Structure formats: C-alpha cells, structure tokens
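This one's a predicted model, so the numbers in the text were calculated from it and none came from an experiment. Heavy-atom basis, side chains included; hydrogens, waters and symmetry copies ignored.
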There are 2 protein chains.
Amino acid sequence: MIALKQPVPSNCGDCPIRNRAVCAHCDHDELVALEEIKYYRSFEAGQTIIWSGDKMNFVGSVVSGIATLTQTMEDGRTQMVGLLLPSDFVGRPGRDGAAYDVVATTDIVMCCFRKAPFEELMSKTPHIAHRLLQMTLDELDAAREWMLVLGRKTAREKIASLLSIIARRDASLAATTSGGGKVFDLPLTREAMADYLGLTLETVSRQMSALKKDGVILLEGKRHVTIPDMQRLLEEAGDDSDGGFLT
Amino acid sequence: MIALKQPVPSNCGDCPIRNRAVCAHCDHDELVALEEIKYYRSFEAGQTIIWSGDKMNFVGSVVSGIATLTQTMEDGRTQMVGLLLPSDFVGRPGRDGAAYDVVATTDIVMCCFRKAPFEELMSKTPHIAHRLLQMTLDELDAAREWMLVLGRKTAREKIASLLSIIARRDASLAATTSGGGKVFDLPLTREAMADYLGLTLETVSRQMSALKKDGVILLEGKRHVTIPDMQRLLEEAGDDSDGGFLT
DNA sequence: CGCTCAGTTGAGTCTTGTCAACCACAGTGG
DNA sequence: CCACTGTGGTTGACAAGACTCAACTGAGCG
C-alpha cells in the first residue's frame, strides 16, 4: 500500500474538506475561531489513533486517508462499526472516553480541535452544532443501512454491498469511470472487509473469487477492482432499487 | 397484549417524558412555542405509523408505548433497525421522505410537531437542536452496539443480548426487581425478536427454550420473563464486562 | 535465499435456515 | 356448550451456508 504523504493544508481556505466537514457552514469569523484551537496530526497506515476507553482530549475531522471504527469482544471477535473517510468527524462532544478503537488503514491526516474549547465554541456557534447534527444523522442512516446488511444478507450480497458502497463514494471523489465501468483500489484488507461484514476472511476471499468468476467484478492483483456493470453489482447486493418489475 | 389506553398529558408540565425528550432542556418560553405547533396522536398495536418512502409532514416523540423502525428488502427479508421507547424521537429534520417503516408494537401515544415550524423553531432555539444532537449521538452508539450483535454474536448470545437490553431499560422504568431477579413482559413477538436479531423465528424460539432449560431465564407463558441472575445473562450475552479474569 | 505477510483454496464440521407438523389459546358463530 | 378458525409459538428432520483448520501460492524484503 503506497500512501503518499498527504500535504497538510496551510489554511482552512485551501482545505480539501472545507465544504463537507463540521466546519462546512462556518462563516469567516467562526473559521478564525476554529483556527485558534486546531492542529494537524498525521498517522501512518496501521497505527491506532484512539484506543477504546481512552480519555479523549480532542475531536476532529479526517482530512485525507481512511480510518476504521472497531469494537472488540473479550474473546477477540471484532466488528467494524464505521468507516471514516475524508471529512468524517471523530469523537463525541460531551463525552470523555472513546467508545471504539480508531485505526488508520492508510496514512492519514487529521484536523484536530482541543475538546474543551471546541465544545465551548459549539455552544456559541449554531452553524457548527447544526452541521454536526446533520452529519450525525447521516451516520445514523449509514449505520442502519449496515444493520440490514449484517442481519439479513448472504455472504455474497454482503461483499457486493461493500463493493458498491466503495464504488459509489469513490465515484464522488476520484472515481475513474472508464467507459461505463467503475475502477478503484480496495482500501481494505480481506480481514478488514471480513470485520466490516461480519464474516471470516476465508469467506470474503471465496466470495470475491466467485464474483470474479461470474464476471460481476474484474480483479487485477488483490486490490484493483473493476466493475463492468454497476447495475449488475447492485442486483447482486440485493439492492435492486429500480423495482425490478420487468421479469 | 392488553395495552391500557394511555392518557394524553394535558400540558407539557405533566408530560411523563418531559425530562428526556427533545424538549428536555427547553425553558418556559421555548415550551410555549412548542405547544403552539404540537398535537397528540394515538395508534393501536400493529398499526403502521409511517411507511418508508412516505412524505413526512411531522416529527415527534413517543410519549408512551413502543414502536419499531424496520427496513424491508424486495424479497421480504426485514431487519429492525431501531426500537422506539418513550421519549425517543421520530423523524428527521431536513428530510422529506421517511427512510424506514415505523410500526406500533403496543398501543402508543405520540407527541407530534408539524415539521416546517419545528425546523424553523429548531434553528432559533439552540436548546432543542442541542438536545436532538445528544439524542442522535446516543442512537448512533446504540446502532453501533447492535452492529456488533448482528455481525459477531451467535444466536444464543443474540437472544441473551436482547433480553439484557430489555431488562436494563425496564429497570430504569418500571422494573420489578423481586429479590435480586428482574421480571418483565417481552414487548415483542418471536417474529419481531427475530427481525431485531437477524434470525428466524424458529431459531429464536429454540434459543429461548434452551436458555430456559439451562436456567438462565424463567418463562411463564410465552412472554413473562424472570432473570434470576443478571450477571449470568450478561455472560451468556458475551458482555461479561467485568473482565472475567478469575477462571 | 529464506522469511513473512496477505491471500487463496480445499475438506470437513457445525450452526442456522427451511419446511412441515403440531400445540395452546382466544374469539366466533352455530 | 362446542366445533371451527386464526394467530403465536414450539419442535423435529433435513439442507445449506458459513466457519474452522490446514495446506499452499505469490509478492516483497532483508
């Protein structure tokens, strides 16, 4: 996994997530106040950013890179409960301890705010609180969507669902849409995929092979994926959203 | 299921969920403004309150009774994604269509606010927005907790998890704690439990029988449950939070 | 060259789902 | 009063999907 050292934005105006992060709706003055309490931190792929149970003294946004939110049982079973992409928010205002492990899966840059001043600021600037509410509601929807995947879908459907989610968001970022087909690199290992989907890594591997054999996806190496027919993938995911009233 | 006709509170001061709902932090003036736009609605057990995809013209709080939030796939597989208890909030400010079906599982009373004026009010009164953010964050945590249950727990652990959740919240409301044991009536059918846990109703039934046979729970009729040893139940749920470093 | 790490594949097992029969109870109408 | 019916729940036999354990491949690296 080659992850280029991401440049840290020199100021909020240049920030790549300026329009989507907690600060999206902030006006100039609010931004200035935020700049006062912000600092950047970088983490390497594989590093744990926050340990579950640790005291959190900051909150922040992912600027670039990908992190995961995971929960682990005493016997080692782990479940991923969130995938943090650029602009996603980390930490919970009004709570001291972290509830989940946060792990960088690629090199990552975070824009952190000291927690106390951030909370202070939040109570004074409705723009931030409002944006955070929006983002939290979106995350709640995503979590509920995922509950359907975890509870009711087969292994094959789970894989297809994950691939279509990655394809979709990649589409909104740097999607390479070559001739109707979507192309991207999987940001997750087979094990991370398994943890996301409530499967074992062997099952993930088998179903990836099966989808490849059936022509639903093309694989080049282990990580480079091409989706020749997005509609087909969605059908495999059980998300055949257009009703399917024909045949 | 006998569900007494719940009395509708005559004003917010008498409201049983006054301290826990969206309006919890509101001062007198804010409450007056809310009263302007609020109205009560009652639904009978089994009634669908909101259909997924419908246009929502209200948001509101559950005053008494229980409702479920469910998602359904084209082929009929359904997954419950939320359990709505008194004080829980229904609806999403800033979105028109409902994302999930909301179904009353007992007779239920809701305190509804017309959506547009509520949104208007929310933008002006930080107390409401702030409380809603808190509640949404709590729901997100609950959803993530549930993702672990759905993704990684066995059928037996799932049942034990559900029972312990119900026991715990019942404890905070009307818990009958008779001599160290918790006693309550299941508010859900076996099918609803299955939909919550990502299981079939047969598996739910089998695991309930197994837990009964093993003395983890006592069953009287189909719904009346006694938990003689809460710690034991938590162990069965895989939530053995006290570490279990002895043996 | 040998090591490690991520991933693949195979064989066998086990949990859970499927299909079906059956029970208990409540209501209903003759 | 009693058969009849519908609903919610239980139980059994069997099948299938996913897991476990294990061997193996291939790429990258010192």
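Going from atom NZ of A:K212 over to atom C1' of C:dT8 covers 10 Å, rounded to whole Å. Look at NE2 on A:H224: it is 17 Å from P on D:dA27, rounded to the nearest Å. When the P atom of D:dG17 is taken as reference, atom NZ of A:K153 falls 18 Å away, rounded to whole Å.
In the set D:dG9, C:dT16, D:dT10, D:dT10 carries the atom at the smallest distance from any side-chain atom of B:L201. When distances are taken from the side chain of B:T189 to each of D:dG9, D:dT10, D:dA22, the shortest belongs to D:dG9. Between C:dC19, C:dT16, D:dT10, one nucleotide has an atom nearer to the side chain of B:Q207 than all others, and that is C:dT16. Listed candidates were C:dT18, D:dG9, C:dG7. Nearest to the side chain of B:T200 is C:dT18. Comparing atom distances between the A:R190 side chain and each of D:dG9, C:dC19, C:dT8 picks out C:dT8 as nearest. The side chain of A:R223 approaches C:dA6 more closely than any other nucleotide in the set D:dC21, C:dA6, D:dC19.
Taking every heavy atom of both residues into account, A:P86 and A:G65 meet most closely at CD-O, 3.4 Å. Of all heavy-atom pairs spanning B:F89 and B:S61, the tightest one is CD1-OG, 4.2 Å. The two residues B:R152 and B:E157 come nearest to each other via the heavy atoms O-OE1, 4.4 Å. A pairwise comparison of heavy atoms in A:A104 and A:E44 identifies CB-O, 3.7 Å as the closest pair.
Listed in residue order, the members of residues 213-220 of chain A having a heavy atom less than 4.0 Å from DNA chain C come to none. Proximity of residues 154-164 of chain B to DNA chain C (heavy atom under 4.0 angstrom from any strand atom) is restricted to B:T154, B:A155.
Between B:T203 and the phosphate of C:dG17, there is a side-chain N or O to OP1/OP2 separation shorter than 4.0 Å. Using a 4.0 Å cut-off, no side-chain N or O of A:R206 falls inside it from OP1 or OP2 of D:dA18.
Counting any heavy atom pair closer than 4.0 Å across all strands shown, A:S209 reaches sugar-phosphate atoms only and no base atom. Using a 4.0 Å heavy-atom distance criterion, A:G198 is classed as a sugar-phosphate-only contact.
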Exercise. Run the numbers on A:R232 and A:E236 for salt bridge (charged side-chain N to carboxylate O under 4.0 Å, His left out), then give the verdict.
Key: CA-CA 6 Å; A:R232 172 82 194 284; A:E236 292 285 356; 3.3 Å; yes

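For B:E202, the CD atom is densely surrounded, since the number of other residues' heavy atoms within 6.0 Å is greater than 12.
Annotation: side chain of B:V59 is not in contact with side chain of B:V22 (no heavy-atom distance under 4.5 Å).
Residue A:L188 is the one, among A:L188 and A:R152, whose nearest nucleotide of DNA chain C lies closer to the 5' end (criterion: closest heavy atom).
Ring geometry, B:W146 versus B:Y196: the interplanar angle falls from 30° to 60°, so the pair is classed tilted.
The side-chain hydrogen bond (donor to acceptor under 3.5 Å, both in side chains) test applied to B:D138 returns A:R92, not counting sequence neighbours.
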